[in-house]
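As the structure lists them, so they are numbered: ligands from 1, and atoms in each ligand from 1.
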Amino acid sequence: MGTQCLLIDGGGRLGGELRVQGAKNSALPLLAASVLCRGETVFHNCPRLSDVFAACRILTCLGCRCRMEEHSVVVTNDEIACTSVPDELMREMRSSIIFLGAVLGRTGSCMLSLPGGCVLGPRPIDMHLDALRRLGAVITDQHGIITATAPIGLHGARVTLPFPSVGATENTMLAAVTAKGETVILNAAREPEIRDLAAFLNRCGAKIRGAGESRIEIEGVEKLHGCTYSVMPDRIASVTYLSAAAATGGTICLTNTAPQEYDAVSAVFEEAGCRVYGYQDRMYLHAPTSLRPVNRIRTMPYPGFPTDAQAIVMAALCCAKGTSVFEERIFESRYKHVDDLNRMGADIQVSGATAVVRGVPKLYGAKVRATDLRGGAALLIAGLAAEGQTELSALSHIDRGYEEIETAFRALGAQIRRTERGEEDRICRMS
Ligand code: UD1
């Protein structure tokens, strides 16, 4: 529905309580992991997102039965009938490369095609492929068509990642759990989603130690069985709602969240003058009328400040009383939201990896367009804080990662609704 847009009447303070969705960035690797599990696997707390639906379609194409009811996905997997994923399905979900390790581990071969770069800049997969080769895979990459086989099966190995890549760590884990012998991943990513994936795999019979630390040890087992598992809460969705509250001088409480998993972001909100308080699965934020600037925010691998929160927190700091500085260290091209924030009245200057945000007294509603998932969420937050109406289009980006985002924000008191673009123009012309 490319013609839909969100109409946001900004200026009100957010308030109230909201239950946060399950994590997209965990649900996708978990669904890929279910390829390895014989029998039935049930995932609860699964967010209803276009990326999740795409992952379910990939599972179906591989020969699994997959159905989603409310927030539960049931995958029945007796036999993998097909080991290649069609191009159009791969294109639907950016992180579909995660199926490579799982399908290869289960069947000994996998073929998939990869879309080139993405809006965040080039998305290389060299670390994924190198790691799988260490485990015994023979891989060819011909114009983006990846063919991987394991002629004598996969075997354990010592894999040292040059950078703690989340995707490469996940793919290595998926391939290693049923490989022969022990695998050690060094310089592994430590993101909570890695811990979630390991917890799930261990419940299915895998033997993984150290997930969440830089050194992960995996003792290969012969096969995995299904289980019932609840997807972890979405830390970036949590940060999105907190940032919107901070931007509007609001007070909100989140439930089904894990505050310790986004400490680095909470510290920024505190520095900006918010009171934050996390307890068990709840997070509370009370924002002052205007935020203080934040000296320097540098995106880093976990437990550092997440790249996914950069745009979202930038939107909140546009009206801080002074200058904040961001440094994007993970992706090359992750400031696409800046032009539209400036169109709304922000004063942001980008130079290479650095963005300097000079606080302005006010933002103003405008017609803006999401260029990527988190950048789109940032524009929505700016719209909530701005005076007047914002029309935010290209919602397919936002729908990849947020379940009914307008319903969630309405629960916090926001004036926001989804509409067909043409319909609004018609109403305007008639009146
Ligand atoms: C990244 C984020 C993750 C976020 C996700 C979605 C980090 C470390 N990872 O995960 O938190 O949820 O985006 O936005 O912040 N790279 C290579 N070769 C590879 C793989 C990666 O050079 O084979 C580089 C990438 O270009 C990038 C960096 O490593 O600069 C991080 O990549 P990686 O963690 O793999 O990205 P995602 O798994 O997409």
Side-chain angles (χ1 to χ4, degrees), residues 22-30 32 47 49 51 55 93-101 114-134 137 139 141 144 146 148 159-175 185 187-197 212 214 231-240 261-262 264-265 297-313 326-337 352-353 370-378 397-398 400-402:
K24 167 182 89 79
N25 289 345
S26 194
L28 300 178
L30 289 175
L49 303 169
D51 267 12
M93 193 183 110
R94 188 186 53 67
S95 47
S96 42
I97 179 69
I98 199 63
F99 277 88
L100 182 59
L114 288 180
C118 85
V119 286
L120 307 184
R123 300 295 282 250
I125 54 159
D126 52 312
M127 290 184 220
H128 301 239
L129 303 189
D130 287 350
L132 297 179
R133 286 189 179 110
R134 299 273 308 163
I139 304 179
D141 175 357
I146 311 281
V159 175
T160 305
L161 296 176
F163 178 88
S165 152
V166 177
T169 304
E170 289 167 343
N171 245 333
T172 313
M173 287 165 70
L174 291 170
I185 310 176
N187 199 25
R190 292 183 285 163
E191 269 70 358
E193 291 77 11
I194 301 284
R195 245 187 292 123
D196 211 32
L197 177 60
S214 297
V231 179
M232 65 179 268
D234 195 314
R235 61 195 171 101
I236 305 301
S238 299
V239 164
T240 305
E261 287 172 355
Y262 47 87
V265 188
I297 297 171
R298 194 177 281 135
T299 64
M300 308 265 267
Y302 191 84
F305 188 93
T307 175
D308 281 349
Q310 177 254 108
I312 290 163
V313 172
F326 286 79
E327 238 182 83
E328 174 55 58
R329 290 276 157 220
I330 306 295
F331 291 112
E332 255 175 47
S333 170
R334 211 168 188 181
Y335 285 132
K336 295 238 162 68
H337 48 284
T371 52
D372 62 88
L373 168 57
R374 306 304 170 185
H397 291 294
I398 296 180
R400 276 188 41 232
Y402 297 92

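Heavy-atom proximity to atom 24 (C) of ligand 1, evaluated over Met127, Glu191, Glu332, is greatest for Met127. When Leu373, Asp126, Ile98 are ranked by how near their heavy atoms come to atom 18 (N) of ligand 1, first place goes to Asp126. The option with the heavy atom closest to atom 32 (O) of ligand 1, from among Ala23, Ser165, Gly401, is Ser165.
A search for salt bridge (Lys or Arg N to Asp or Glu O under 4.0 Å) contacts involving Arg235 returns Glu193, not counting sequence neighbours. Arg400 meets the salt bridge (Lys or Arg N to Asp or Glu O under 4.0 Å) test with Asp51; sequence neighbours excluded.
With Arg298 contributing its side chain and Phe326 its backbone, the two residues share no donor-acceptor pair below 3.5 Å. For Glu328 (side chain) and Phe331 (main-chain N/O), a donor-acceptor pair under 3.5 Å exists by modelled atom type. Asn171 places a side-chain N or O within donor-acceptor distance of the main-chain N or O of Gly101, the cut-off being under 3.5 Å. Between the side chain of Asn187 and the main chain of Thr160, no donor-acceptor pair closer than 3.5 Å is present. Ser26 places no side-chain N or O within 3.5 Å of a backbone atom of Asp196 that could act as its donor or acceptor partner.
Among the candidates Arg329, His337, Arg334, Arg374, the single residue satisfying the side chain to side chain donor-acceptor pair (under 3.5 Å) test with Gln310 is His337.
Which parts of ligand 1 touch Asn25 is read off a 4.0 Å heavy-atom cut-off, strictly below it: atoms 12 (O). For ligand 1, the atoms closer than 4.0 angstrom to any heavy atom of Ile330 are 7 (C), 15 (O), 27 (C), 30 (O), 31 (C). Annotation for ligand 1: atoms under 4.0 Å from non-hydrogen atoms of Thr307 are 15 (O). Per-residue contacts place Gly167 under 4.0 angstrom from the following atoms of ligand 1 (heavy atoms of the residue considered): 35 (O), 38 (O).
The distance criterion of under 3.5 Å between nitrogen or oxygen atoms is met by Pro124 with respect to ligand 1. For ligand 1, the polar-atom distance check against Asp308 finds a nitrogen or oxygen pair separated by under 3.5 Å. Considering backbone and side-chain N/O of Pro301, none are found under 3.5 Å from N/O of ligand 1.
In Phe331, the part holding a heavy atom less than 4.0 Å from any atom of ligand 1 is the side chain.
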